[in-house]
There are 2 protein chains.
Amino acid sequence: MSGTNRRRITSKELAKLAGVSSATISRAFSPDSRIGSATRDRILAVAREYGYQPNAIARSLNNQRSRLVALVVNAIGNPCEAEEQQLLVHRLQARQLLPIILCCADHSDRLQLMRLASTYQVDHVVIFSDMVSMQDAVDIFHTTKPIIVSFEPLENEDVSNIRIDGAAGAGEIIDKIVADGKRRFAYLSGTKSSWIDKLRRKWFADALARHGLAFEAEAFGDYSYDSGFKEAVLLLHRSKVDAVICGNDVMAIGARDAARRVLGKNTPNDIAIVGQDGIAMAGWDCNDLTTLSLDHAAFMDAVVEVIERHEAGDEGPHSITLACTPRWGSTA
Amino acid sequence: MSGTNRRRITSKELAKLAGVSSATISRAFSPDSRIGSATRDRILAVAREYGYQPNAIARSLNNQRSRLVALVVNAIGNPCEAEEQQLLVHRLQARQLLPIILCCADHSDRLQLMRLASTYQVDHVVIFSDMVSMQDAVDIFHTTKPIIVSFEPLENEDVSNIRIDGAAGAGEIIDKIVADGKRRFAYLSGTKSSWIDKLRRKWFADALARHGLAFEAEAFGDYSYDSGFKEAVLLLHRSKVDAVICGNDVMAIGARDAARRVLGKNTPNDIAIVGQDGIAMAGWDCNDLTTLSLDHAAFMDAVVEVIERHEAGDEGPHSITLACTPRWGSTA
DNA sequence: TATCGTTGTGCAAACGATTACACAAACGAT
DNA sequence: ATCGTTTGTGTAATCGTTTGCACAACGATA
């Protein structure tokens, strides 16, 4: 209520005002500590009056616990990541944990950024980016066991992680497309050097192999609509494929647009197009994408579960695997 | 390099290892402080060897500057906000400022969350949500002058802010639609109680008034695709409008889909549909939306400029206004 | 009434940095 | 050789909490 008071009042000052010691102030704000309930009520009243709140920085220094969580991500603007991050941020906040977002395109900047965040003594680190090697993560956050949310093969078995298995779902999708008469498949990758992308491709390649088929063409984009569009144009000009599996939903939408607009081919009759992620947009009427979809809420529940186990002192490593399921749309 | 060492080494310990005092350690890490360059080099070498980095929490406590920035947003998942946040996060990180995201749907939770963040002594607060009253922001962050990025009329003149003016752009868009022969307009609001939404509506209403026209119908959604779709269906069933101005791009896409799918009306001949924001998706071939667009990069540049002035000690208040310009698509 | 928990509070030492002040050494100028 | 200045380093206080320890007051028990 102090309006535009510049400086924040400290526990020592509040102690003087309430006629107690600063230790007692502290106890008034700690749920289970020996303090008379009358004293606590009085202190809380005075605190409210003067707008006092314990300084979390000082508290963190003393406690050795900051209640900060670093989230290392590739991009916020990408819908899939944005949807997941939104879910995770809500779950963290409900637990009084504050998320610090580390978002960086460039590799060396990213490491710098991770080092910076590690100096803030974050309690947890969640790494969504497979652009970060596990070893770097462990080195930089050596006091905080990170949680890796990605698909890199674990060369370091001491790190908690959450993985996704889309083999079965990819199989279902390929079965249907083959049943629909398509035989000539292309894979439109999200990135050239990503483990996630290689793994996702393998799910589909294995499914194709069971039909005695293989990818006839490949292209690489960057998970963006524009790259999906552009690479699809090139791809469809140079090879006569009738089915394109894309690295994510946004690229699939780009590829669908390219096929329709530039090549005059419509889904699913002329060409089948498949996305991956299962973002909300995939279900919009204008897209209605067939996609290998992940339950993002369950995914983030898993992340939080690992965090809670770490908080409880059980540092694992914990490993959770979630399955992807097809979302059937009109593009394949 | 210490691998999986549990505890982090402190400056005092490093001091012992390097044969200096902890004050000297501190000086080695402060760019312009009196220290022999030989000593500094030696300390930095030893520090690297033992993986020492100054503890930012302790540093913040002493400095009274945390280099944390609170970002209060409505949603991360919404593409417009996600795109802006991405740009802002990059700009902050380039200045060694770490963003803490506060994202909350519920109002009382949001205030709680802001109070929590304020205990972390954030250096700056950027409020993107017009669901937060300016007075609440000022009360909660009374030691940190917040920056309001929204459109609420400023009853408190002491707050820096960035505003958007779309009056001219809305005029251009309305002029064109009227020139195309449309006369019956509807406004599909983003939210019922939002200042931003009222202001945006006014830009278009004023432009219509100059043609002697007014909105014939109104509906309220929640900025989501689904609400755009659903409200458009209801709206177009109960009134024969031939142009719909939407609160944002995502709703416009929903309305366009509804018109096409449910009513069988196509843009722009049967009906004109206009969005607002100018998100990347508006430019995708499948959407190609006519929209009142904002230069998000310039917008975030403005935010950062105000932050830099605050950092330089000039707390203003500063006020920057940016104009919106039309993006011409095939929907209107 | 003497004794023994229990309860509530204060004192003071952490937590890990930064920085004003003091001081010694080194240096240049006279 | 002496003085003044600059340079580099250490000492100790500080930032705002939390918490182990000590202790007084209190009611319950024997």
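Every chain is numbered from 1 and lettered A, B, ... according to where its sequence line falls, protein lines coming before strand lines. This one's a predicted model, so the numbers in the text were calculated from it and none came from an experiment.
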To the nearest 10 degrees, how far apart in direction are the end axes of the helix from C/dT1-D/dA30 to C/dT30-D/dA1, each fit to five base pairs? 40°
Run the ring-centre check on A/Y52 versus A/F29 and record whether the distance is less than 6.0 Å. yes
Basic-acidic side-chain contact under 4.0 Å: B/D301, B/R91: yes
Where along nucleotides 16-27 of chain C does protein come under 4.0 Å, by heavy atom, of base (B) or sugar-phosphate alone (S), with - for untouched nucleotides? BBBB--B-----
Interatomic distance, A/M114 atom CE to A/D109 atom CG [nearest 0.5 angstrom]: 13.0 Å
So CZ of A/R163 and CZ of A/F299: to nearest 0.5 Å the spacing works out to 11.5 Å
Is the shortest side-chain heavy-atom distance between A/H107 and A/L111 below 4.5 Å? yes
Could you give all pairs that pass the side chain to side chain donor-acceptor pair (under 3.5 Å) test and reach residues 305-314 of chain A, with sequence neighbours left out? A/R65-A/E311, A/R95-A/E308, A/H124-A/E311, A/S160-A/H310, A/E305-A/R309, A/R309-A/H318
Which residue, B/I147, B/I127, B/V138, forms the side-chain contact (heavy atoms from CB on, under 4.5 Å) with B/V159? B/V138
Distance in angstrom units between B/I43 CD1 and D/dG10 C1', rounded: 12 Å
A/D136 and A/R110 ion-paired at < 4.0 Å: no
